[in-house]
Structure formats: C-alpha cells, structure tokens
Amino acid sequence: MENTKPRVAITHGDTNGIGYEVIFKTFAEPAMLELCTPIVYGSPKVAAYHRNALDIQGNFTIINSAEEAKHGKLNLLATFDEDVKVDMGKPSKEAGLAAFKALERAMEDYKNNGYDVLVTAPINKNNIQCEGFNFCGHTEYIEQRIGQDQKALMILLNENLRVALVTTHLPIKDVAAAINKETIVEKAKIFHQSLKRDFRISNPRIAVLALNPHAGDNGLLGEEEQNIIMPAIQELAAQGVCAYGPYAADGFFAHDGYLAFDGVLAMYHDQGLAPFKCLDLGGGVNYTAGLPLVRTSPDHGTAYEIAGKGIADENSFRHAIYEAIDIWRNRACYDEPFANPLPKLYHERRDDSDKVRFSVPKSPKEGSK
C-alpha cells in the first residue's frame, strides 16, 4: 500500500520566514508520514539551521532526486549547494533567490512526473523578483511555467467557504478596468469545473459579488453591475452554470449569505480575502485551480514578525497538505469514468464521427412482401 501514497512536493519558501518551522511541526506528527511521502525542495544546511535555532524535532533524509524519496521519511531534496545567510525575520534578496531555486527545481521535476501534488511555503513577493521570476506571486508563476495554456484561478477555502477571485494581485486603481464580462465568465466557468471535479459537487451554486458598494445602487454608485456583471451571470446561466447575484459584499458576508452557496466569486483580492480571513479559524488554504498540477499553500505569509520564535501555527500548512491530497484523489475518481470511453457502434456501420446514423426497420407488412 505504500506505493499508493501521494508524493507531496513542498517548496521551502523564503528562508528568513516561518516555512521550515511549519514544515517541521507538521511532520512531527507521525500520522502525516503514513498519509503521504513528502519531498521538501530546499537546503539541508538551511533546514538544519532552522531546526537547531528553534530547538524542534526535525529529522530529515537528504536525497538528490525525487526518485530517491523514501516512504516514512521527511525527504529533503537539495536544490542548490551555495551557503545562504539566514537572518530570521528580515527580508533579503538572498532569501528570495533561495525560494526561487526551490520553485524552479520543483517545476522541472513536475514535468518529469517526480511527484503528485505541490504545497508551497510562503514567499516574499518582492524579494523573489529576479531574472526568472517576474510575477506577482506563485499563482501567476506556476500558470506560466506548467499551465499548458490553461488559466489559473485562485481559491481560498476552508470547511465552510470557498472564495475565488476574478482579479488577483492588482492595485485597487486598476481593478475596475480589468473587470469585463468575458473575464467573469471565464473565471466562473473554471470555478464551476473545479467545484465539480476537485470537490465532487455535482451541481455547484456560485454567488457572484458586486464590484461597487450596495451593488451599484441601480447605477447611482457605478454601472459595472448593470453593464458587465449581470450580463455575465445571464451568459453563465445560458451555459448551464448556476450563478447568482450580483450581491453587495458587505451584507453578503455579514448575514451568512455565503452558507447557501458552494462557492463565492469575488471581483478583487481584498473583497474576497478580507472576509475569508476574518471568518477563518486558522486553517485556511490557498488553492490554485484550473491547472494540471494540484497546488496548495497556507493562507498566511512569511510572518517575519514571529520567525525564529517558535510560535508559528502549522495548522494552515497541515490543512494545505490535506486539501492537496483530497483534490488529487477527487480528480482521479472524477476522471476515471472518462478514461476509456467505448467506441460508438451503430447498426449500419461503425461511425466515430458526431453524426448518428439510424436505420428505420421495415414494418411487418413490408417485410412480408
């Protein structure tokens, strides 16, 4: 049965943050190694430094390739040989470059079937900028590297709520210009398919949030609801997607409106994530939907302010692993019935085209003549 365990790749993130702390704390629980085979993409030297500085349990096995990963062990794949200065709690370009090298190696190994799912520890979006990383975050980078022309969708989720975003890491001043009917329809359809395939919801109900206060108040506070969002919802309905709205975001979350839906589509980052994080109890997960690779991460950042203090909560990181494994298994179950479809056979002759040929049987009288 060990060979059926999912191989979970884990990138170590910013080396001055809490990445290694939450990784070690997560796998200090023996049951985690029974659930999966972890492969940490990082640095043995940096890992050992964090373990010793925090005085926490953190035994790991050093490997040189994903194929060497051992079941029942916390495997650490060295992604670079250079020494890295660890200065906990302080941003640095060196820490950002270490995070980037781990990501790059993980992307290459995914292409070679080195693992099944990816869980990323937090990065500093500013420090990681370099020649190979000119993106606003993990989501955009992974989409470009292994998306195969598929579009990514950011979803924040916990046991009670799934929030997807039409726009992600955009300045507020640019949000309205980025909202159009085509984008809303595209993101909602990705969300709809993810709810069906990744979360096994047969007929998902999606709430679409308004852009403006009070849903535009019939055009008084903005016309995007009337001219863009409503037409998008109508087009989605015509395509069989159960989308409703637009709902004013403040009242929608304040009065538990989200509980009536399987997912919520927000127009911009803070509109969806601010209420999500207020309602979450520390176990939230960031999921990148729409791509061939299942990728999750905890819903927190590098947490420089507590790095090195040994007080980081690993709950969100542990749930990121749980969700990645669940989604991976859900996809396998969803895809299985479509894997080997029977060829189309017809009475007159075999026809693999979409045109169905019918032969009309003769009546009893015609047959007797």
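All heavy atoms count here, side chains included; hydrogens, waters and symmetry mates do not. A quick note: this is a predicted structure, and the numbers were derived from the prediction, not measured.
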The side-chain hydrogen bond (donor to acceptor under 3.5 Å, both in side chains) partner of Thr37 among His71, Lys70, Lys73, Lys5 is His71

Pair Val175-His269, side chain to side chain contact (heavy atoms under 4.5 Å, CB included): steps then yes or no: CA-CA 9 Å; Val175 168; His269 187 279; over 6 Å; no

Is Lys277 salt-bridged to Asp299, going by a charged N under 4.0 Å from an acidic O? no

Ile23-Val285 co-clustered via ILVMFWY side chain contacts under 4.5 Å: yes

What one should report as the nearest heavy-atom pair of Ile321 and Thr296 is N-OG1, 4.4 Å

How long is the straight-line distance from CG of Asp335 back to CG of Asn330, given to the nearest 0.5 Å? 10.5 Å

Quick check: Tyr322 with His319 (ring centres under 6.0 Å apart)? yes

Between Lys93 and Gln129, which heavy-atom pair has the shortest distance, and what is it? NZ-O, 2.8 Å

Would you say that more than 12 heavy atoms from the other residues, nucleotides or ligands in this model lie under 6.0 Å from the CG of Asp174, or not? yes

Test: Arg7 and Asp116 ion pair at under 4.0 Å: yes

Quick one: does Glu94's side chain have a donor or acceptor within less than 3.5 Å of a partner on Lys85's backbone? yes

Would you say NZ of Lys189 has more than 12 non-hydrogen atoms from neighbouring residues, nucleotides or ligands within 6.0 angstrom? no

Among Arg329, Arg331, Arg295, find the one that has a salt bridge (charged side-chain N to carboxylate O under 4.0 Å, His left out) with Asp198. Arg331

Measure the CG-CD distance between Leu161 and Glu159 for me, rounded to the nearest 0.5 Å. 12.0 Å

Determine yes or no for a side-chain-to-main-chain donor-acceptor pair under 3.5 angstrom, with Glu224 supplying the side chain and Leu211 the backbone. no

Evaluate whether atom CD of Glu182 has more than 12 neighbouring non-hydrogen atoms of other residues, nucleotides or ligands under 6.0 angstrom away. yes

Would a 4.5 Å heavy-atom cut-off, applied to side chains only, mark Cys136 and Lys125 as touching? no

Decide if atom CG of Asp87 counts as having more than 12 heavy atoms of other residues, nucleotides or ligands within a radius under 6.0 Å. yes

Do you reckon Val163 sits in the same ILVMFWY cluster as Leu157, going by side-chain contacts under 4.5 Å, direct or chained? no

Any chance CZ of Phe80 has more than 12 other-residue heavy atoms, nucleotides or ligands included, within less than 6.0 Å? yes

Given side chains that start at C-beta, do those of Met88 and Lys309 come closer than 4.5 Å, heavy atoms only? no

Just say parallel, tilted or perpendicular for the rings of Phe133 and Phe100, cut-offs at 30° and 60°. perpendicular

With rounding to the nearest 0.5 angstrom, report the OG to CG distance, Ser297 to Leu118. 9.0 Å

Distance-minimising heavy-atom pair for Ala152 and Thr139: CB-CG2, 3.9 Å

Establish, from distance only, whether the side-chain atoms of Glu104 and Tyr41 form a donor-acceptor pair under 3.5 Å. no

Answer whether the closest heavy-atom distance between the side chains of Val294 and Tyr287 falls below 4.5 Å. yes

Within this structure, what is the CE-NZ distance for the pair Met230 and Lys181, rounded to the nearest 0.5 Å? 12.0 Å

Within a strict 4.5 Å, meaning less than it, do heavy atoms of the Asn16 and Asn127 side chains meet? no

Do Tyr20 and Phe60 have ring centres separated by under 6.0 Å? no

Kindly compute the distance separating OG1 (Thr26) from CG (Leu33), expressed to the nearest 0.5 Å. 11.0 Å

Nearest-0.5 Å distance that lies between atom CD1 in Ile142 and atom OH in Tyr110: 10.5 Å

For Gly290 and Ile190 the tightest heavy-atom approach is CA-CG2, 3.9 Å

Under 3.5 Å, is there a donor on one side chain and an acceptor on the other for Glu235 and Gln239? yes

Look at atom NE2 of His214 and say whether more than 12 heavy atoms of other residues, nucleotides or ligands are closer to it than 6.0 Å. no

Salt bridge or not for Glu82 and Lys101, using N-O below 4.0 Å? yes

Pairing of Asp313 and Lys25 as salt bridge, 4.0 angstrom limit: no

Minimum-distance pair of heavy atoms, taken over all atoms of Leu54 and Gly310: CD2-N, 3.5 Å

Cluster overlap Tyr115 with Leu76, hydrophobic side-chain contacts below 4.5 Å: no

Connected via hydrophobic side-chain network under 4.5 Å: Leu103 and Phe317: no

For the CG atom on Asp55, are there more than 12 heavy atoms of other groups (residues, nucleotides or ligands in this structure) within a distance under 6.0 Å? no

Could you check whether any side-chain heavy atom of Leu273 comes within less than 4.5 Å of a side-chain heavy atom of Leu165, counting everything from C-beta outward? yes

Minimum heavy-atom distance between Ile229 and Leu209, given as atom pair plus value: CD1-O, 4.0 Å

